[in-house]
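Notes follow the structure.
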Amino acid sequence: MKGKLLSIEGIDGCGKSTHARLLAEWLRSRGHEVVVTDEPTNGAVGRIIKHALRGGLKLPVAAEALLFAADRVQHIAELIRPALKAGKVVITERYVYSSLAYQSARGLPTAWLESINRAALKPDLTIVIDLPAEDALQRIKRSRRLDRFESDLQLQRRVRANYLRMAKQKGLKVVNGARPVEEVQAAIRKIVETAL
Ligand code: TYD
């Protein structure tokens with residue numbers, strides 16, 4: 001499994017970071033070189049996005065979508081493509097499907113979102129960690145303050161529905177995230193083992 005791109009997706013609070021880390025540990029124990037990364041990035045564009053999400057900047061939804069796409073272009077050029085070329089497994093927490101799920105839930109047409117993301121490398125595998133929006137919100141509230149998207153339960157419900165629809169239409173793999181961490185991780189490892 002050399003030079004593969006895996007994306008982990010799901011609503012806010014679904015457990016992406018935990019599972020990306022555990023998956024990376026497991027792949028490393030099997031001899032793979034693994035890079036874990038995420039979007040929005042900490043690059044120049046990613047930092048503007050994060051500022052906006054914390055409420056520091058108000059942007060039209062289309063501008064927000066273009067920033068996510070621009071951040072992704074930089075992410076691919078500076079980190080993802082070089083790592084894949086070097087034969088590494090890249091696990092990214094969020095990628096193109098986040099834009100399709102969130103920015104369409106914020107009212108933008110899917111066809112336009114697909115077109116501004118056309119330059120993005122296709123992931124070899126995308127796993128959606130699925131759970132009800134209410135459960136995910138409770139999890140985040142236990143650990144920290146909510147940002148603009150996280151505190152919008154209706155938005156999270158629409159995002160979840162978008163992920164589940166895309167899973168059916170585009171073959172993303174869904175795991176039930178409303179279970180103990182070990183069970184969810186076991187399901188993810190099984191998918192990675194069979195798919196790659
Ligand atoms: P997230 O991965 O949740 O960041 P963190 O958990 O580290 O704070 O991403 C921040 C938010 O950005 C999240 O609500 C999803 C949203 N987002 C989009 O709306 N579109 C995108 O294309 C991406 C990558 C993220």
Side-chain angles (χ1 to χ4, degrees), residues 5-24 36-80 90-123 126-131 133-163 166 170 172 177:
L5 178 57
L6 316 185
S7 64
I8 312 260
E9 295 280 356
I11 59 171
D12 287 283
C14 72
K16 278 177 290 87
S17 305
T18 304
H19 288 294
R21 182 174 48 76
L22 294 171
L23 180 63
V36 180
T37 182
D38 64 344
E39 293 185 3
T41 71
N42 286 319
V45 183
R47 285 200 301 271
I48 300 174
I49 295 171
K50 289 181 187 192
H51 182 55
L53 287 171
R54 286 193 298 265
L57 173 68
K58 220 168 143 20
L59 292 169
V61 184
E64 165 193 302
L66 289 164
L67 287 175
F68 279 115
D71 183 41
R72 189 161 297 127
V73 168
Q74 189 176 12
H75 192 201
I76 294 166
E78 291 178 4
L79 189 148
I80 296 179
V90 178
I91 301 174
T92 179
E93 298 171 31
R94 301 198 178 285
Y95 193 58
V96 176
Y97 293 111
S98 279
S99 283
L100 299 178
Y102 280 79
Q103 276 62 56
S104 77
R106 290 180 43 75
L108 296 175
T110 306
W112 182 70
L113 293 166
E114 282 173 344
S115 78
I116 62 170
N117 280 284
R118 199 156 287 148
L121 293 172
K122 241 182 106 59
T126 296
I127 295 174
V128 177
I129 304 175
D130 179 59
L131 84 170
E134 294 77 3
D135 299 6
L137 183 65
Q138 288 313 317
R139 284 188 188 177
I140 306 173
K141 274 188 182 161
R142 266 183 250 132
S143 57
R144 56 178 173 78
R145 280 185 52 196
L146 302 170
D147 73 22
R148 270 177 48 214
F149 290 179
E150 288 166 350
S151 55
D152 187 342
L153 190 60
Q154 298 302 331
L155 172 73
Q156 298 290 333
R157 287 196 180 118
R158 292 197 300 278
V159 171
R160 181 189 187 202
N162 287 343
Y163 275 128
M166 287 192 289
K170 301 171 196 264
L172 320 186

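Note that ligands are numbered from 1 as they come in the structure, with each ligand's atoms numbered from 1 the same way.
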Scan for salt bridge (Lys or Arg N to Asp or Glu O under 4.0 Å) pairs involving residues 48-70, sequence neighbours excluded, and state none if there are none.
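As it turns out, the salt bridge (Lys or Arg N to Asp or Glu O under 4.0 Å) pairs with a partner in residues 48-70, which skip direct neighbours, are Glu64-Arg106.
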State whether any protein heavy atom lies less than 4.0 Å from atom 2 (O) of ligand 1.
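For atom 2 (O) of ligand 1 the answer is yes, since some protein heavy atom falls inside 4.0 Å.
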Just which atoms of ligand 1 are under 4.0 Å from any heavy atom in [X]?
| X | value |
| --- | --- |
| Glu39 | 2 (O), 24 (C) |
| Tyr102 | 14 (O), 15 (C), 18 (C), 19 (O) |
| Ser98 | 20 (N), 21 (C), 22 (O), 23 (C), 24 (C) |

For [X], which part has a heavy atom under 4.0 Å from ligand 1: side chain, backbone, both, or neither?
| X | value |
| --- | --- |
| Lys16 | side chain |
| Arg94 | side chain |
| Arg106 | neither |

At the 4.0 Å heavy-atom cut-off, does Arg148 count as touching ligand 1?
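Contact check Arg148 vs ligand 1: negative.
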Residue-ligand contact Glu64/ligand 1, heavy atom below 4.0 Å
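No; Glu64 lies far enough from ligand 1 that no heavy-atom distance drops under 4.0 Å.
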Does Asp147, backbone or side chain, put an N or O under 3.5 Å from an N or O of ligand 1?
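No; the residue has no nitrogen or oxygen that sits under 3.5 Å from a nitrogen or oxygen of the ligand.
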Ligand 1 N/O within reach of Gln103 N/O, cut-off under 3.5 Å
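Yes; at least one N/O pair falls below 3.5 Å.
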Nearest-0.5 Å distance, [atom1] of residue [X] to [atom2] of residue [Y]:
| X | Y | atom1 | atom2 | result |
| --- | --- | --- | --- | --- |
| Leu66 | Trp112 | CG | CH2 | 4.0 Å |
| Gln103 | Asn117 | CD | CG | 9.0 Å |
| Lys16 | Asp38 | NZ | CG | 7.5 Å |
| Lys141 | Glu150 | NZ | CD | 11.5 Å |
| Ile140 | Arg144 | CD1 | CZ | 5.5 Å |

For [atom], what's the nearest protein heavy-atom neighbour? Residue, atom name and distance, please.
| atom | value |
| --- | --- |
| atom 22 (O) of ligand 1 | Ser99 OG, 2.6 Å |
| atom 13 (C) of ligand 1 | Asp12 OD1, 3.2 Å |
| atom 4 (O) of ligand 1 | Pro40 CD, 4.6 Å |
| atom 7 (O) of ligand 1 | Asp38 OD2, 4.4 Å |
| atom 11 (C) of ligand 1 | Leu53 CD1, 3.6 Å |
| atom 6 (O) of ligand 1 | Arg144 NH2, 4.0 Å |

Should one rank Arg72, Gln156, Glu150, His75 by closest heavy-atom distance to atom 24 (C) of ligand 1, which comes out on top?
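Comparing heavy atoms across Arg72, Gln156, Glu150, His75, the nearest one to atom 24 (C) of ligand 1 lies in Arg72.
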Option whose closest heavy atom lies nearest to atom 23 (C) of ligand 1, chosen from Phe68, Tyr97, Phe149:
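Considering heavy atoms of Phe68, Tyr97, Phe149, the nearest to atom 23 (C) of ligand 1 sits in Phe68.
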Quick check: closest heavy atoms across Ser104 and Leu100, and the distance to 0.1 Å?
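Taking every non-hydrogen atom into account, OG-O, 2.6 Å.
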For the student: nearest non-hydrogen atoms of Ala120 and Arg72, plus distance
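So the two residues come closest at CB-CD, 4.3 Å.
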As a quick check of understanding, evaluate side-chain contact (heavy atoms from CB on, under 4.5 Å) for Arg94 and Tyr102, giving each step before the final call.
CA-CA 11 Å; Arg94 301 198 178 285; Tyr102 280 79; 3.0 Å; yes
Run the salt-bridge test on Lys170 and Glu114 with the 4.0 Å N-O cut-off and return the result as yes or no.
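So Lys170 pairs with Glu114 through a salt bridge.
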Close side-chain approach of Ile80 to Tyr95, heavy-atom, < 4.5 Å
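Heavy-atom side-chain distance check passes, below 4.5 Å.
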Applying side-chain hydrogen bond (donor to acceptor under 3.5 Å, both in side chains), can you list everything that pairs with Arg160, at least two apart in sequence or on another chain?
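Once residues adjacent in sequence are excluded, the partners of Arg160 under the side-chain hydrogen bond (donor to acceptor under 3.5 Å, both in side chains) criterion are Asp130.
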